[in-house]
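Right, one structure below, let's go through it.
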Amino acid sequence: MSYYKIENLEQYFKHYNKSIREPRKFWGKIAEENFTWYQQWDKVVEFNMAEADIKWFMGAKVNIVKNCIDRHLARRGNKTAIIFEPNDPKEQAQHITYAELHQRVCKMANVLRDQGVEKGDRVCIYLPMIPELAISVLACARIGAIHSVVFAGFSASAVATRVNDSDCKMVVTADGGYRGNKTIDLKGIIDEALQNCPSVKKVLVAKRTNTAVNMQEGRDQWLQPLLDEASDNNVAEIMDAEDPLFILYTSGSTGKPKGMLHTTAGYMVYIGYTFKNIFNHEENDVFWCTADIGWITGHSYIVYGPLLNGATTVLFEGIPSYPDFGRFWDVIDKHKVTQFYTAPTAIRALAKENTSWVDHHDLSSLRLIGSVGEPINEEAWHWYNDHVGKKKCPIVDTWWQTETGGVMISPIPFVTPTKPTYATLPLPGIQPVLMDETRTEIEGNQVVGSLCIKFPWPSIARTIWGDHQRYKDTYFSTFPGKYFTGDGALRDEVGYYRITGRVDDVVIVSGHNLGTAPIEDAINEHPAVAESAIVGFPHDIKGNALYGFIILKEYGESRDRDNLRNEINQHVSSHIGAIAKLDKIQFVSGLPKTRSGKIMRRILRKIAEGDFSNFGDTSTLLNPEIVEEIKNERVG
Ligand code: 6R9
């Protein structure tokens, strides 16, 4: 019996139980039957949760890129591995076959080696969503260099912090990048960043926008001529199971960014396995994840997961609103996408527009649709289900984190019955528990608590680069012996999980524990509201009171503000209870968001408190200008 694919609910429970009772047998069998190894492991897993010391497949020798590309060549050499869909729909899409990908990755790997990159060296990749990005990632992994992809929307200072934190030796970038009708001066940003980065000796520059750039003598080189010269014969590095694969900095909604370190074999096995099951992958599918490779979602489910399964993956350079709000639906139709995976923030933005944008496209190729990144509110879930999935495609609401490497809680499509706003059940191997304030595990169903995981899974991050103590403190000390996710969750009467948001987004009002996410859900259901964010602020009598920052739809903008405030509060009262009424409501034109679409609540909390002294690191904000507006119009 194979454990690689879950076919029905009975099998899910069978596999799940096996994975808990005999994790070593379960993962050992999956690893053995579905991947190629130079040498097998001695032990499947070894761990000490108190020390945050976790090792999978110790003793094994493997190369993840051999598994992503080389082993498919005989059977799938002419199959499309990557479909590159450019920013401008008038520019032709590219279909890169497995054979061509192999050749291009081998050349890039040889260029890196020629430029002095060795196994274990860190390479910062700061590229737009073009094929060179995926190719650079794979080339690093092929020669055992540790890639650190920095999203090509980060500022120079954010890049410098990340480059210095991990002492990168090289930066791979481009002259510029396209984003809708804008051109971003990537090389200029790198030049500025590198003024403060002594470790970087070489910069390779891909050409994308043909923007004029400065090339620093002795440091900078154009990539293409080096690739043209390079041989396409490359012997992959033989890696130990626990050799580092990549560093990825978390989006940084709190504190200094953390360089999460992922290692080779466990990540490979878990990402291959989860891609197969969560997206119900079949041979002729065209899979599209709209994330950027600069985030964990792009690492795991644009590059590694699809390629490990010999799939066809779409790499989209553009944005959902360019050249118009029909772009996503146009791409689905054009490439006959079978699985579409996006974020609630994009869904809500598109749901604000006229439905004819989506209704006028042929989306009949879709078999399932997915969501990731934040809790999906009820209204967005239904819009996604009705207009995109046409009520025929299961929605996989996938909960996971940069730290977890792969999806942890999610429906298995066509297997797990879905429920709006619920991520539903843990994947095999994942043991979630809910904890109360006294650090006791909460048993039973219909309960709420802090979400922890009590047994290691193969793709858990192994450390924070250069700071194992911080790794232990952040994830393994709040609830000793367990991995603490930082999220709160609810477990319903059948054991389904609903992630309610970060635990620090819980506000205690008059002794009642209020999650801000359900209140926001209720507010967002009001017909005049486009989006909202709720934070707590200190209150003499209640301890804390609620402050709402609300974006109105056009429809609401012409209405009397005080009437709207009353209506919104009545809505909250009737949906959650009078206790959840907002003391203050400020209508805003936008919310401060990180580039991955997460609201930076820390800033809103400070504004609500009237403390404008120190907003901390705002370098990861997409729209820093909004902070000033919100500050000036604060409701005192
Ligand atoms: C993959 C990714 C992780 C945080 C996580 C949680 C939130 C992600 C979610 C979700 C509810 C989902 N989150 N997916 N919350 N439902 N389906 O987004 O990684 O950028 O590290 O963010 O995102 O709060 O803790 P990352």
Side-chain angles (χ1 to χ4, degrees), residues 149 151 153-154 246-255 257-262 270-271 274-275 278 289-302 304-305 341-348 369-378 380-381 384 395-411 416 418-427 430 432 450-453 459-461 464 474-475 478 483-490 496-506 515-518 520-521 533 593-601 620 622:
V149 181
F151 172 61
F154 275 126
F246 66 85
I247 298 168
L248 186 60
Y249 289 86
T250 49
S251 38
S253 47
T254 48
K258 298 180 287 236
M260 304 313 308
L261 182 76
H262 283 282
Y270 194 73
I271 301 312
T274 52
F275 176 81
I278 285 160
C289 164
T290 69
D292 192 287
I293 294 174
W295 311 123
I296 190 68
T297 305
H299 278 60
S300 299
Y301 301 111
I302 296 177
Y304 288 115
Y341 189 35
T342 196
T345 178
I347 298 168
R348 284 195 300 266
I369 55 182
S371 171
V372 59
E374 54 177 318
I376 180 165
N377 51 300
E378 189 114 24
W381 195 97
Y384 199 31
I395 296 180
V396 287
D397 178 359
T398 62
W399 172 82
W400 56 298
Q401 312 177 294
T402 304
E403 295 85 337
T404 70
V407 172
M408 304 283 282
I409 303 183
S410 165
T416 320
T418 61
K419 175 174 175 181
T421 77
Y422 281 74
T424 74
L425 297 172
L427 293 200
I430 308 306
S450 294
L451 179 62
C452 291
I453 314 289
S459 69
I460 184 175
I464 292 175
T474 311
Y475 303 104
T478 320
Y483 168 80
F484 175 42
T485 66
D487 284 325
L490 172 160
Y496 274 16
Y497 288 88
R498 175 184 207 255
I499 313 305
T500 48
R502 306 292 305 173
V503 177
D504 50 17
D505 296 338
V506 167
T516 53
E520 289 164 6
D521 275 359
K593 288 197 175 169
T594 64
R595 293 176 185 276
S596 56
K598 293 189 173 67
I599 298 168
M600 219 188 244
R601 288 166 196 278
T620 60
L622 188 64

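Atoms within a ligand are numbered from 1 in the order they appear, just like the ligands themselves.
- Of the polar atoms of T398, at least one N or O is found under 3.5 Å from an N or O of ligand 1, judged by distance alone.
- Residue contact check: I499 has heavy atoms under 4.0 Å from atoms 11 (C), 15 (N) of ligand 1.
- A pairwise comparison of heavy atoms in P257 and Y249 identifies CB-CD2, 4.0 Å as the closest pair.
- Ligand 1 lies nowhere less than 4.0 angstrom from a heavy atom belonging to G486.
- Contacts with ligand 1 closer than 4.0 Å are made by side-chain heavy atoms of I296 only, the backbone lying farther away.
- Ligand 1 lies out of reach of W295, whose nearest heavy atom is not under 4.0 Å from it.
- For the pair T250 and ligand 1, no heavy-atom separation below 4.0 Å is found.
- The residue from L490, I499, I376, I409 that alone fulfils the side chain to side chain contact (heavy atoms under 4.5 Å, CB included) condition with Y422 is L490.
- Under 3.5 Å, the side chains of Y384 and T342 contain no donor-acceptor pair of N or O atoms.
- Shown here are the side chain to side chain contact (heavy atoms under 4.5 Å, CB included) partners of E374, two or more places apart in sequence or in another chain: P344, T345, R348.
- Across the listed options W400, Y497, Y301, W400 owns the non-hydrogen atom lying nearest to atom 1 (C) of ligand 1.
- Taking every heavy atom of V372 and a limit of under 4.0 angstrom, the matching atoms of ligand 1 come to 1 (C).
- Numbered from 1 in the order shown, with element, the atoms of ligand 1 that lie under 4.0 Å from a heavy atom of D397 read 12 (C), 16 (N), 17 (N).
- For the residue pair T416/Y496, the side-chain donor-acceptor check at 3.5 Å is not satisfied.
- Closest heavy-atom contact between E378 and P420: OE2-CB, 4.0 Å.
- Side chains of D397 and W381: a donor-acceptor N/O pair is absent below 3.5 angstrom, by distance only.
- Of all non-hydrogen atoms in T424 and T418, the two that sit nearest each other are CG2-CA, 4.5 Å.
- Looking at G406, G373, A423, A343 and measuring to atom 7 (C) of ligand 1, the nearest heavy atom belongs to G373.
- Close N/O approach between S371 and ligand 1 is not found [any backbone or side-chain N/O within under 3.5 Å].
- For atom 9 (C) of ligand 1, the nearest non-hydrogen atom from the set R498, E403, E374, Q401 comes from E374.
- Numbered from 1 in the order shown, with element, the atoms of ligand 1 that lie under 4.0 Å from a heavy atom of D487 read 5 (C), 6 (C), 24 (O), 25 (O).
- Ligand-side atoms of ligand 1 in range of T297: 1 (C), range being under 4.0 angstrom from any heavy atom.
- Using the six-membered ring where Trp is involved, F246 and Y304 have ring planes that are parallel, under 30° apart on the 30 and 60° scheme.
- Which parts of ligand 1 touch T402 is read off a 4.0 Å heavy-atom cut-off, strictly below it: atoms 19 (O), 20 (O), 21 (O), 26 (P).
- Against a heavy-atom cut-off of under 4.0 Å, P375 is close to the following atoms of ligand 1: 11 (C), 15 (N), 16 (N).
- Ring pair F154/W295 is perpendicular by interplanar angle, where above 60° counts as perpendicular and below 30° as parallel.
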